[in-house]
Every structure is written in structure tokens, then in C-alpha cells.
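Data first, discussion second: the structure below is written as C-alpha cells.
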Amino acid sequence: MLADNLKVLLASTQSFAIKSQNFHWNIEGSDFPQYHAFYDTLYGDVADTIDKIAEYIRILGHYTPGSLSRYAELSIIQDQTKIPRAELMFAESLQDCETMGQLVVAMFDEATEERQQGIANFMAELQDLYGKKAWFIRSILKKERE
Ligand SMILES: [Fe+2]
């Protein structure tokens, strides 16, 4: 059901935002200023989508989950309690962008089938967001290998 998937998307977005902020604070390396700034922007861009996801759940007539324990149950983005090395942070964030991308593509199809065009449009915007972030991270990782 679309509302249930929006709840999964909300929880996953919260997890992704928290992880991005964790990496913003704790990343280290010779390119620290750029890495720190990249994760600040990633956190902000991801966090900016949270309210709209939550409000679509309400628009569909469901209540919006709003607790950390519910987000932990619902999220498909795995929590990170450790401080990985920079390259591993980027690899993990790339994987997470791909996971988010797959979820919103599936939800675009579901929203279209249910003739929820506003939600479908929003899912298309999120596909662009996560696709662009994945491109940035792939480019960062390529530079690191040289
Ligand atoms: Fe900061």
C-alpha cells in the first residue's frame, strides 16, 4: 500500500539523514573541508524531504510515524553506530543512495497506478536527488583511488 511505503520512505530518509550528519561530524582525511561540506549538503538536502513525505502520509488519511523506535523498525537504511574510514563512509552512502533510488522508483510506479500524480512527481524528484548524490560520491571515490 502506498501509505505504508511512504512510512518506510519516511523512516529510511530519517535514518539516511542521521547517518549523513554523523559522517559530516566525524569524517577525517586530507580533503576534510570538502568532505565535511559534502556531508553537510547531503544531510540538508535529505532532511529537507522529510516533512513532505510525512505530510503525504496524512493526505492519504494515515497517521505519520514520529518516533525513533518506529523509524528503526521501518527503515531499510541500516544504522551505523561506528565511525568508518572516509572511503568506507562514501561507499556506504553510495549504497544507501542506490537503495533509496530503488525504493522511490518502485513507489513512482505504485503512485502512478493509484493516480496519485503529486506523489509520483515527488518520487521522480527524489530519484533525481539520489541519482545526483550517487554521481557525486562515485566521483569522490574515483579521485581517491588515483
Ligand atoms: Fe556542521
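Atoms within a ligand are numbered from 1 in the order they appear, just like the ligands themselves.
Within the protein, the N, O or S atoms lying under 2.8 Å from the Fe ion (ligand 1) are H24 NE2.
Distance check, rounded to the nearest 0.5 Å: NZ of K132 to CG of L42 gives 12.5 Å.
Between the side chain of S12 and the backbone N or O of I76, at least one donor-acceptor pair lies under 3.5 Å.
In I83, the CD1 atom is crowded: over 12 heavy atoms of neighbouring residues, nucleotides or ligands sit closer than 6.0 Å. Counting non-hydrogen atoms of other residues, nucleotides and ligands closer than 6.0 Å to CD of E114 gives a total above 12. Other residues, nucleotides and ligands contribute over 12 non-hydrogen atoms within 6.0 Å of the CZ atom of R58.
Across all their heavy atoms, Y63 and I57 have their closest contact at O-CG2, 3.6 Å.
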